[in-house]
Protein chains: 2
Amino acid sequence: MPISHTTTFSISELASEFDVTTRSIRFYEDQQLLFPTRRGQTRVYSAQDRVRLKLILRGKRLGFSLAETRELFALWDETPTGSMKQLRLLMAKIEEKKTALEQQLNDIAMLQLELDSAETRCREAMNELTATT
Amino acid sequence: MPISHTTTFSISELASEFDVTTRSIRFYEDQQLLFPTRRGQTRVYSAQDRVRLKLILRGKRLGFSLAETRELFALWDETPTGSMKQLRLLMAKIEEKKTALEQQLNDIAMLQLELDSAETRCREAMNELTATT
DNA sequence: GCGGAAGTTTACGTAAACGTAAAGTAAGTA
DNA sequence: TACTTACTTTACGTTTACGTAAACTTCCGC
């Protein structure tokens with residue numbers, strides 16, 4: 001059901017665009033990660049919701065739990081309008097995430113080296129087989 | 001029980017070194033990711049096992065399931081001594097992992113930008129509060 | 001030789017992230 | 001009007017990755 005298309009989407013549009021099930025999308029709503037409006041019973045998703053869904057899936061690719069992603073949304077949403085104490089806490093969370101990402105970058109770099117090595121060995125083995133020795 | 005220490009480790013040594021529970025380590029064995037030898041009943045871990053454990057944990061940080069990590073181990077182990085067909089399959093798997101890692105790098109880069117932005121906003125908010133305006 | 005620490009197996013429990021079936025509604029269409 | 005299609009809620013089932021308790025065995029120090 002392609003919705004009015006000013007800037008809104010149906011659940012199946014999003015599902016097929018991002019290749020997830022409607023079940024998943026509803027589950028993300030259940031977990032307070034998405035907040036579509038309703039036209040009667042039917043869910044109507046805004047462009048913002050679409051972005052959020054994209055971010056959720058990105059989070060998954062990085063191994064984040066839905067809870068963690070929700071935390072990140074909180075970081076992003078909280079237009080920093082809190083007390084000094086809250087702001088310090090927010091900064092701490094941000095730094096924490098940043099160091100975790102640094103760690104991930106390291107991990108990925110190592111894995112890439114190993115895969116490259118495996119690739120080389122594989123290539124050599126293929127050459128052995130091809131060679132007319 | 002610090003074992004003979006030529007190059008072997010007890011389960012609790014590994015557990016405390018990597019800050020995981022012994023339960024987890026035993027579970028990884030159950031899932032065919034580790035293969036400690038036995039001294040009587042007791043598990044004895046080699047340096048190789050230790051490396052594997054480290055790799056398992058790295059995998060977890062990258063969001064890999066234990067099954068995926070086991071697959072990676074297979075890639076690594078299979079000293080490429082198979083048929084051409086098998087080698088091509090191996091190469092395909094390696095490429096697949098590599099592109100997945102590229103995707104992850106992209107994802108991380110994006111997230112880093114967003115976190116930097118959040119950090120900036122946070123700093124500005126703190127300055128607002130501090131300023132004697 | 002006895003208590004405590006560290007190891008073991010067996011087995012049931014649990015949280016996260018959905019899958020899947022059941023049963024119903026609402027809109028468009030032949 | 002009947003049929004199809006897309007959407008909905010409710011609710012139980014499933015997989016992964018362990019946690020946790022129970023009930024041993026082994027070894028070490030005193």
Side-chain angles (χ1 to χ4, degrees), chain A residues 1-5 8-46 49-50 52-74 100 107, chain B residues 1-5 8-46 49-50 52-74:
Chain A
M1 184 218 283
I3 281 185
S4 65
H5 250 299
T8 67
F9 309 87
S10 76
I11 193 170
S12 51
E13 281 179 323
L14 291 184
S16 73
E17 176 176 358
F18 294 112
D19 195 35
V20 290
T21 65
T22 58
R23 176 68 179 91
S24 296
I25 296 180
R26 291 195 192 96
F27 183 72
Y28 299 151
E29 177 180 357
D30 192 63
Q31 300 299 303
Q32 313 272 16
L33 288 163
L34 294 174
F35 305 94
T37 56
R38 300 288 178 128
R39 182 197 299 177
Q41 285 255 90
T42 310
R43 290 167 173 83
V44 176
Y45 296 88
S46 68
D49 290 321
R50 205 188 80 117
R52 287 222 163 190
L53 179 53
K54 195 184 296 191
L55 295 180
I56 292 169
L57 299 178
R58 190 184 67 188
K60 297 207 72 186
R61 286 196 300 274
L62 294 177
F64 292 10
S65 72
L66 295 182
E68 283 175 307
T69 298
R70 189 173 45 217
E71 275 231 343
L72 282 176
F73 284 174
D107 290 336
Chain B
M1 181 217 284
I3 281 185
S4 66
H5 251 302
T8 67
F9 309 88
S10 75
I11 194 169
S12 52
E13 281 178 323
L14 291 184
S16 75
E17 176 177 359
F18 295 111
D19 196 34
V20 290
T21 65
T22 59
R23 176 67 178 92
S24 297
I25 296 180
R26 291 196 194 95
F27 184 72
Y28 299 149
E29 177 181 356
D30 191 62
Q31 298 300 302
Q32 313 273 16
L33 288 163
L34 293 175
F35 306 94
T37 57
R38 300 289 178 125
R39 184 197 299 178
Q41 284 257 89
T42 309
R43 289 168 175 81
V44 177
Y45 296 88
S46 69
D49 291 321
R50 204 189 81 120
R52 288 223 164 189
L53 179 53
K54 195 184 294 189
L55 295 180
I56 293 169
L57 301 177
R58 189 184 69 186
K60 298 207 70 184
R61 287 196 301 273
L62 293 178
F64 291 9
S65 72
L66 296 184
E68 284 175 305
T69 297
R70 189 174 42 214
E71 274 231 345
L72 282 176
F73 284 174

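Throughout, a chain's letter reflects where its sequence line sits, starting with A, and its residues are numbered from 1. No experiment lies behind these values; they were computed from the predicted model shown.
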- [ ] Measure from the side chain of A:Q41, starting at C-beta and using heavy atoms only, and say which of C:dT9, D:dT8, C:dA17 lies closest.
- [x] D:dT8

- [ ] Within residues 16-27 of chain B, find the residues that approach DNA chain C with a heavy atom at under 4.0 Å, and present them sorted by residue number.
- [x] B:R23, B:R26

Task: Spatial distance of atom CD (A:E17) from atom OG (A:S12) [nearest 0.5 Å] - done: 11.5 Å

- [ ] Return the value, rounded to whole Å, for the distance between atom CD1 of B:I11 and atom P of D:dT26.
- [x] 18 Å

TODO: Take the protein atom CG of B:L14 and the nucleotide atom P of C:dG7, then report the distance between them rounded to whole Å.
DONE: 10 Å

Open item on the list: I want to check one thing: is the phosphate of C:dG7, taken as OP1 and OP2, less than 4.0 Å away from some side-chain N or O of B:S12?
Closed with: yes

Open item on the list: Nearest whole Å is fine: how far is C:dC18 C1' from A:L66 CG?
Closed with: 9 Å

Open item on the list: Between P on C:dA17 and CG on A:D30, what's the gap in Å once rounded to a whole number?
Closed with: 12 Å

- [ ] Could you state the atom-to-atom distance from CD of B:E29 to C1' of C:dG7 in whole Å?
- [x] 13 Å

Task: Interatomic distance, B:E13 CD vs C:dA5 P [rounded to whole Å] - done: 18 Å

Open item on the list: What is the separation between atom CZ on B:R38 and atom P on D:dT26, rounded to the nearest whole Å?
Closed with: 14 Å

Open item on the list: With rounding to the nearest 0.5 angstrom, report the CD1 to OG distance, A:I11 to A:S16.
Closed with: 11.5 Å

- [ ] Could you grab the distance from atom CG of B:L34 to atom OH of B:Y45, nearest 0.5 Å is fine?
- [x] 6.5 Å

Open item on the list: Distance check, rounded to the nearest 0.5 Å: B:Y28 atom OH versus B:F35 atom CZ?
Closed with: 14.5 Å

Open item on the list: Just the rounded figure in Å: distance from C1' of D:dA17 to CD of B:Q32.
Closed with: 16 Å

Open item on the list: Could you walk me through whether B:R61 and A:D107 satisfy the salt bridge (charged side-chain N to carboxylate O under 4.0 Å, His left out) test, starting with their C-alpha distance in whole Å, then the side-chain angles of each, then the deciding distance to 0.1 Å, before giving a yes or no?
Closed with: CA-CA 8 Å; B:R61 287 196 301 273; A:D107 290 336; 2.7 Å; yes

Task: B:F73 six-ring face occupied by B:R52 cation (under 6.0 Å, within 45°) - done: yes

Open item on the list: Could you measure the distance from the CZ atom of A:F27 to the CG atom of A:L66? Nearest 0.5 Å is fine.
Closed with: 6.0 Å

Open item on the list: Is there a side-chain contact between A:K60 and the phosphate of C:dA17, meaning an N or O under 4.0 Å from OP1 or OP2?
Closed with: no

TODO: Report the C-alpha distance between A:E29 and A:R70 in whole Å, list the side-chain angles of each, state the deciding distance to 0.1 Å, and finish with yes or no for salt bridge (charged side-chain N to carboxylate O under 4.0 Å, His left out).
DONE: CA-CA 11 Å; A:E29 177 180 357; A:R70 189 173 45 217; over 6 Å; no

Task: Distance, nearest 0.5 Å, that separates CG of B:L14 from CG of B:D49 - done: 8.0 Å

TODO: Report, as yes or no, whether the 6.0 Å neighbourhood of atom CG on B:D19 holds more than 12 heavy atoms from other residues, nucleotides or ligands.
DONE: no

Task: Sugar-phosphate only, base, or nothing, as touched by A:Y28 at under 4.0 Å among non-hydrogen atoms - done: sugar-phosphate

TODO: Enter the inter-axis angle for the ends of the helix from C:dG1-D:dC30 to C:dA30-D:dT1 (five pairs per end, rounded to 10°).
DONE: 0°

Task: Under-4.0 Å side-chain N/O to phosphate OP1/OP2 contact, B:S10 with C:dG7 - done: yes

TODO: Give a yes/no answer on whether the side chain of B:R43 brings an N or O atom under 4.0 Å of OP1 or OP2 in C:dT8.
DONE: yes

- [ ] For D:dA6, take OP1 and OP2 only and decide whether either is under 4.0 Å from a side-chain N or O of A:R39.
- [x] no

